[in-house]
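Computed over heavy atoms, backbone and side chain alike; hydrogens, waters and symmetry mates excluded.
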There are 2 protein chains.
Amino acid sequence: MAKGTVRLADVAKAAGVSQGTASNVFSRPDVVREEVREHVLETAKRLGYAGPSLTGRLLRAGKVNAIGVAAVEPLAYFFDDPWARALLAAVSQVCDASGTGLALVSAKDRQTLDWNIKSALVDGFILLCVEGGEKLVQLTRERQLPFIALALNDDDPSIASISVDNLGGAAVAARHLAELGHKRFGVLATELSDDHVGPVGVAEIERAIYSTSRDRALGYWQALEAFGIRRENVPIYETTNDKPSVEAGLDFLFSAPEPPTAILAMSDNIALLAINWLRARGLSVPQDVSVIGFDGVPEGGMVEPGLTTMAQPFAEIAQRAVKAVLEDAVPVEREMIDVTLVVRGSTAVPKDNR
Amino acid sequence: MAKGTVRLADVAKAAGVSQGTASNVFSRPDVVREEVREHVLETAKRLGYAGPSLTGRLLRAGKVNAIGVAAVEPLAYFFDDPWARALLAAVSQVCDASGTGLALVSAKDRQTLDWNIKSALVDGFILLCVEGGEKLVQLTRERQLPFIALALNDDDPSIASISVDNLGGAAVAARHLAELGHKRFGVLATELSDDHVGPVGVAEIERAIYSTSRDRALGYWQALEAFGIRRENVPIYETTNDKPSVEAGLDFLFSAPEPPTAILAMSDNIALLAINWLRARGLSVPQDVSVIGFDGVPEGGMVEPGLTTMAQPFAEIAQRAVKAVLEDAVPVEREMIDVTLVVRGSTAVPKDNR
DNA sequence: CTTTCGATTTGAATCGATTCAATATCGATA
DNA sequence: TATCGATATTGAATCGATTCAAATCGAAAG
């Protein structure tokens, strides 16, 4: 069952033609006379030839016809994390259309990741930089293949990247809630710096190392201050985007003397966890508390009530990213993409305003 | 930014060593004197050498160190379908542990699939045979690489495959409900034959072409008949595992004069859709209707109430499948794996028994 | 009976590494 | 000083295909 040992040369010899002709039979069938072609194909079948070996072909062509998607996470991340999943589904679609293969590359520890990136058989990489982005970029650079970084938390302009307008999007989200009449807010943040969970103040935000989270916070502030709400009065809790830290964050926010009526979550994942927590505590969404997320993952539209969120245009991001990698036409400048407000059932006018 | 044109030979020449030594510097650094090694590495860096090209290495080694997962579905299926996702997450975990790469291979139309399978750079395949399994197996066979079929709807013993005990599992599921006291059942089936949706009778089940669905039906019957419920009195509706067909199925089942108090769903996906439908109709689960699924996808544990289901041991399936492919030790016989009943909140004693 | 042209076919070079038998080097031992 | 071993390095063969300039063939044109 293992790969047969029949080579193209064997087929050629058995069929009594040159190796060049035999090769043409498989890769450019039109140039060889039908009679000969059929004879060669027949011989090939008789010998159990499995078709031109990819590696041989590859060696000359130099193209693999596949792109790699990489992240500093366990492989299962691609199937577990809602954002990664939504993005990959979109990337898949684009790849499908262009006949490009998809390889998943990842690892949690640097050593393995290094090796995995070095040895992935791909023509280029899409980097999911949610965490450890710099590391990822650096490793990928060494490989000297085209790559594009998504959600990069770094302002280095020499790195080709596509990101969403975090600041603007966050501002729209906060404005949406403020316009509904909310006055007391609570923010559940994605990671601002490594290895930290818990309440953070203005100073911590300003020197956050992850620009995605920082910009979202700045966007919230900017919009809220236009409604006369000072940033010092908006409690922010930094989570690690998982259940325990989100619940700790909610414990914190709702233990305040005047708990928030609106939650600004920096990811849909956090928002969905928050909604579950609130419900379990007997608080209804959106009657008692409004929740807005960020990302626009499909799950947000499938729960009851639907999650109001700032949706990323996954299809467009995927389109551009795949194109950039495939054509090695990485954008000279960093591309910035807008997010759009999607209003569903998880936000409403606050109770005391009705 | 494109792949540099610096070859190992160039580095060797520039460093004044033989190509053999240069090769050893990269692939067997321990055999070359430190002094020489450093000099070569330095030269390589100076020239901008990107490290040994994978294709060159590959050509000799013959191993890619990656496995492909294939399905007759659009690529996005891997990220959208709960069962596929659960399985892939498990496969990922195993691959991670053994440093194996993962490539996704798929296509909806035969032509593309053919090409994709032929050109995937992998050492073997795991086939997701939920649909179009035979086609998939046939195509993969031509590639002459080790492969193993999962969820194969075919009894051909010459195809190495791992499947779960559908008949036994279904029997356990039905028995669980019958023991709770249910008397009136409705079955929402996964596909029994191509291009058919709607109510099916005993005869159709017996000549179903998809053995997975057939076996589950047979299992239900077997258990129910032990409780004195005749198979003719158990309405079965064939769905295509998607929302419209499941809802049509529920419309059918609940338009009966004596609607069921228990739903046997052949997939968790169907079960979850069913629960949503029931709730929207004002029927509460499990008070008014009990629902049991099949598969044990993670989502089932994250909804409220939790879904009672027959759980597949994804980790074990993945483990065996990856191992079989990697070691080309495909089982001589078809492997059969047990499923286990996981009782959560979606099943209970029927109303009229309390 | 040549020429000429187009369509096929051939044979050898090439892609970029790894591998291994053969050789070179050098210090230690007899 | 000659010999032996261990270690390091070399050079050529090899993996399995593609590619392209040159050779061949047949038929049509002169």
Side-chain angles (χ1 to χ4, degrees), chain A residues 2-41 43-44 47-65 118-123 143-145, chain B residues 2-41 43-44 47-65 118-123 143-145:
Chain A
K3 172 143 217 166
T5 184
V6 187
R7 294 182 303 267
L8 181 60
D10 301 326
V11 174
K13 192 176 296 176
V17 300
S18 83
Q19 187 167 326
T21 300
S23 171
N24 283 336
V25 168
F26 292 100
S27 46
R28 303 157 64 197
D30 45 307
V31 314
V32 21
R33 201 150 40 98
E34 178 167 348
E35 201 179 306
V36 177
R37 187 182 351 141
E38 283 192 0
H39 175 221
V40 173
L41 284 175
T43 314
L47 263 49
Y49 179 58
S53 120
L54 286 172
T55 50
R57 170 179 299 187
L58 184 56
L59 184 53
R60 286 207 62 89
K63 276 268 171 211
V64 182
N65 249 304
K118 275 215 174 73
S119 63
L121 283 160
V122 296
D123 297 322
R143 181 78 193 275
Q144 294 182 234
L145 284 180
Chain B
K3 175 145 214 163
T5 183
V6 186
R7 294 180 304 267
L8 182 60
D10 301 324
V11 175
K13 191 178 298 177
V17 300
S18 81
Q19 188 166 325
T21 299
S23 172
N24 283 336
V25 168
F26 291 99
S27 45
R28 304 157 64 197
D30 45 306
V31 314
V32 22
R33 200 152 40 97
E34 177 167 348
E35 201 180 309
V36 178
R37 182 177 1 133
E38 282 192 2
H39 175 220
V40 173
L41 284 174
T43 314
L47 264 48
Y49 180 59
S53 122
L54 287 172
T55 50
R57 169 178 300 183
L58 183 55
L59 184 53
R60 285 209 62 92
K63 276 269 171 208
V64 182
N65 248 303
K118 275 212 172 74
S119 63
L121 282 159
V122 297
D123 297 322
R143 180 76 192 274
Q144 294 184 233
L145 284 180

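Residue contacts for T55(A): at a heavy-atom cut-off of 4.0 Å it reaches no nucleic acid atom on any strand shown.
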Check: protein-nucleotides 6-9 of chain C nitrogen or oxygen pairs below 3.5 Å:
{"from": "dT9(C)", "atom 1": "OP1", "to": "R33(A)", "atom 2": "NE", "distance (Å)": "3.0"}
{"from": "dT9(C)", "atom 1": "OP1", "to": "R33(A)", "atom 2": "NH2", "distance (Å)": "2.9"}
{"from": "dT9(C)", "atom 1": "OP2", "to": "R33(A)", "atom 2": "N", "distance (Å)": "3.1"}

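Taken over five-pair windows at either terminus, the axes of the helix from dC1(C)-dG30(D) to dA30(C)-dT1(D) are inclined to one another by 60° (rounded to 10 degrees).
In terms of the salt bridge (charged side-chain N to carboxylate O under 4.0 Å, His left out) criterion, R37(A) has no residue partners (sequence neighbours excluded). Legend: residues meeting side-chain contact (heavy atoms from CB on, under 4.5 Å) with A9(B), ordered by chain and number and at least two apart, are Q19(B).
Pairing each heavy atom of A120(A) with each of L54(B), the nearest pair is O-CD1, 3.4 Å. Across every non-hydrogen atom of Q144(B) and Y49(A), the tightest pair is OE1-C, 3.7 Å. Of all non-hydrogen atoms in V6(A) and G48(A), the two that sit nearest each other are CG2-O, 4.2 Å.
Applying the side chain to side chain donor-acceptor pair (under 3.5 Å) test to residues at least two apart or on different chains, the pairs with a partner in residues 20-32 of chain B are S18(B)-T21(B).
Rounded to the nearest 0.5 Å, atoms NE2 (H39(B)) and CD (E35(B)) are 10.0 Å apart. Within the model, atoms CG of N65(B) and CG of L121(A) stand 9.5 Å from one another, a figure rounded to the nearest 0.5 Å.
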**Asked** Going through the distances and angles, do T55(B) and T55(A) end up as a side-chain contact (heavy atoms from CB on, under 4.5 Å)?
**Response** CA-CA 7 Å; T55(B) 50; T55(A) 50; over 6 Å; no
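By the 4.0 Å N-to-carboxylate-O rule, D10(B) lies too far from K13(B) to be salt-bridged with it.
Protein chain A touches strand DNA chain D; the 5'-most and 3'-most nucleotides with an atom under 4.0 angstrom of its non-hydrogen atoms are dG16(D) to dT19(D).
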